[in-house]
Amino acid sequence: MKLSVIGCGYLGAVHAAAMASIGHDVVGIDVNERKIEALSAGQAPFFEPGLPELLTQGVAAGNLRFTTDMSEAHGADVHFVGVGTPQQKDGYAADLTYVNAAIDGLLPYLRPGDIVAGKSTVPVGTAAELAPRVEDAGATLVWNPEFLREGWAVQDTIDPDRLVVGVAGLSAGSGTQEESGSGSQDVSSRFARSTTEREDPGQRAAEILRRVYHPAVAKGTPFLVTDLATAELVKVAANAFLATKISFINAMAEIAEVTGADVTQLADAIGHDVRIGRRFLGAGIGFGGGCLPKDIRAFAARAEELGRSESVSFLREVDAINLRRRERAVTLVVDAVQGDIVGKKVTVLGAAFKPHSDDIRDSPALDAAVRLRGLGADVTVTDPEAIDNARRQHPQLNYVDDRDEALRGADVVLLVTEWDEYRRQLSPEHAASLTAGRLVVDGRNCLDASAWRAAGWQYFGMGRP
Ligand code: UDX
């Protein structure tokens with residue numbers, strides 16, 4: 001199929017490359033010329049494992065190209081909109097400038113029957129507001145939220161754990177969940193089979209999306225057709241749940257800190273209950289990135305607009321707990337040097353908001369580094385991938401590429417991004433041979449505390465004795 005993808009950031013660039021890799025003819029469109037140049041040359045403008053290979057393949061095969069010219073969207077059957085929805089500068093709500101600009105820019109090039117599939121994370125109600133503009137052009141708007149995790153984005157796009165398509169005009173309760181791929185039925189024959197499907201633009205659009213995602217559909221990935229509002233909510237609800245799970249365990253870490261309990265053992269123990277599960281119970285410096293923090297704030301802001309602020313008022317608490325953990329990591333460093341932080345050399349291991357990413361948006365790691373510098377510490381930051389981005393945002397910090405160079409002479413080590421380079425490949429003995437002090441603060445509870453202690457280190461975890 002012919003597809004266009006508007007917006008070539010973390011979401012759109014991966015989506016375009018992944019769709020080309022499963023056989024579609026894809027054009028990626030973005031206003032940023034530098035990004036388009038890099039992508040056209042088969043280079044990923046950000047770090048995402050597996051993406052450069054897909055870009056090179058697609059560009060070489062000729063079924064993947066990138067442009068700044070919106071008119072090249074003309075002729076595509078499905079137009080994915082994957083532009084950013086950042087937090088507004090003066091509030092918590094999502095800034096929809098880019099979504100509106102993408103839709104307005106696309107409208108002149110739509111043909112009757114085209115599908116516009118929103119992927120950006122938007123406040124519930126946005127799609128219903130946009131739909132009439134798209135329908136005036138004879139096209140159909142659907143909302144098809146994206147659940148990819150940075151660092152695993154290629155895999156999550158090609159082989160997602162579920163597909164959700166929100167369509168207009170679906171009467172209440174008539175959404176479908178279908179375990180696809182049951183039997184050998186060909187999706188295109190199914191598409192043409194039913195008269196109702198042909199007549200109803202929403203159902204027709206859902207069928208077309210099924211064809212877009214044919215490999216995942218064929219292997220039985222759950223494919224849920226909902227109304228527009230539900231599809232929008234699925235995304236924010238999922239992120240709100242994940243953020244709440246992390247803040248829950250971090251709240252337990254706060255209790256553990258005053259009782260002498262160990263939050264990692266607590267997480268293991270409650271995580272064995274299959275109703276709870278161990279994933280996303282990693283206590284530490286908390287969540288960051290371009291999604292969870294801004295999505296829970298935008299959700300709370302939207303709920304307030306809808307007169308339902310009390311329904312998600314707990315999200316303010318989730319946010320507050322999360323931000324307190326950043327402060328706690330800083331306090332641990334200050335306490336480790338008995339309050340005498342001015343002039344102390346602190347090496348911060350990690351700048352990205354999580355490993356396998358160079359994304360520093362709302363990164364707890366950099367937040368802690370900046371606060372420590374503000375307290376007078378001599379801070380050096382290292383990271384395998386995120387230094388260039390970090391330097392642009394916080395030029396006042398010292399950056400050292402090489403991990404061992406960064407560690408040399410440190411009084412305190414603060415681990416804040418659990419890259420393998422730090423949690424697996426750095427032995428406490430080797431680290432001790434480089435640093436001046438033997439104080440380590442493990443902001444991700446990912447080091448073997450007893451091994452570090454045995455090597456002569458004073459180890460400080462988050463929510464651990
Ligand atoms: C998230 C969602 O997982 C994804 O489905 C959605 O599409 C976008 O937002 P992402 O931001 O890439 O993805 O990162 P994720 O892996 O969810 O981690 C978010 C943050 O939570 C990171 O800072 C991570 O370090 C932190 N985290 C995660 C914890 O602090 N503890 C955990 O147990 C898990």
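Keep in mind that what you see is a predicted model, and the values were worked out from it rather than measured. Just so you know, ligand 1 is whichever comes first in the structure, and atom 1 is the first atom listed for that ligand.
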N/O donor-acceptor pair under 3.5 Å between Lys119 side chain and Asn144 backbone: yes
Plane angle bin for Tyr10 and Phe46 - parallel if under 30°, tilted between 30 and 60°, otherwise perpendicular: tilted
Identity and separation of the nearest protein heavy atom to atom 1 (C) of ligand 1: Leu292 CD2, 4.0 Å
Distance, nearest 0.5 Å, that separates OH of Tyr213 from CD1 of Ile22: 8.0 Å
Element-labelled atoms of ligand 1 that are located less than 4.0 Å from some non-hydrogen atom of Glu150: 12 (O)
Identity and distance of the protein heavy atom lying nearest atom 10 (P) of ligand 1: Lys354 NZ, 3.7 Å
Short N or O distance, Arg149 and ligand 1, threshold 3.5 Å exclusive: no
Residue Leu148 vicinity, atoms of ligand 1 by number, heavy atom under 4.0 Å: 4 (C), 6 (C), 7 (O), 8 (C)
Nearest neighbour in protein (non-hydrogen) for atom 17 (O) of ligand 1: Phe280 CZ, 3.3 Å
Nearest non-hydrogen protein atom, atom 27 (N) of ligand 1: Ile246 CD1, 3.5 Å
Nearest protein heavy atom with distance in Å, relative to atom 31 (N) of ligand 1: Gly282 O, 3.0 Å
Short side-chain to backbone donor-acceptor contact, Asn445 and Met462, under 3.5 Å: yes
Side chain Asn63, main chain Ala20, donor-acceptor under 3.5 Å: yes
SB check Arg302 Glu232 (cutoff 4.0 Å): no
Top protein contact for atom 2 (C) of ligand 1, by heavy-atom distance: Asn239 OD1, 3.6 Å
Row check, Tyr422 ring normal vs Arg403 NZ/CZ: under 6.0 Å, within 45°: no
Distance in Å, Asp295 CG paired with Thr121 OG1, rounded so as to fall on 0.5 Å steps: 5.0 Å
Side chain, backbone, both or neither: Glu146 near ligand 1, heavy atoms under 4.0 Å: backbone
Location of contacts on Ile249 toward ligand 1, heavy atoms closer than 4.0 Å: neither
Residue and atom name of the nearest protein heavy atom (relative to atom 23 (O) of ligand 1), distance in Å to one decimal: Phe353 O, 2.9 Å
Element-labelled atoms of ligand 1 that are located less than 4.0 Å from some non-hydrogen atom of Gly286: 23 (O), 30 (O)
Flag, side chain of Asn250 to backbone of Gly284, donor-acceptor distance under 3.5 Å: yes
Salt-bridge present (Asp411, Lys345; N to O < 4.0 Å): no
Asp295 and ligand 1 - part of the residue with a heavy-atom distance under 4.0 Å: neither
Asp442 (side chain) donor-acceptor with Cys446 (main chain) under 3.5 angstrom: yes
Enumerated ligand 1 atoms positioned under 4.0 Å from heavy atoms of Leu281: 33 (O)
Electrostatic pair Lys219:Asp159 at N-O distance under 4.0 angstrom: yes
4.0 Å heavy-atom contact, Lys245 with ligand 1: no
Atom 21 (O) of ligand 1: nearest protein contact (heavy atom, Å): Phe287 CB, 3.1 Å
Atoms in ligand 1 flagged as close to Leu242, the criterion being non-hydrogen separation under 4.0 Å: 3 (O)
Contact atoms of ligand 1, heavy-atom distance to Cys291 under 4.0 Å: 8 (C), 9 (O)
Part of Arg444 within contact of ligand 1 (heavy atoms, under 4.0 Å): side chain
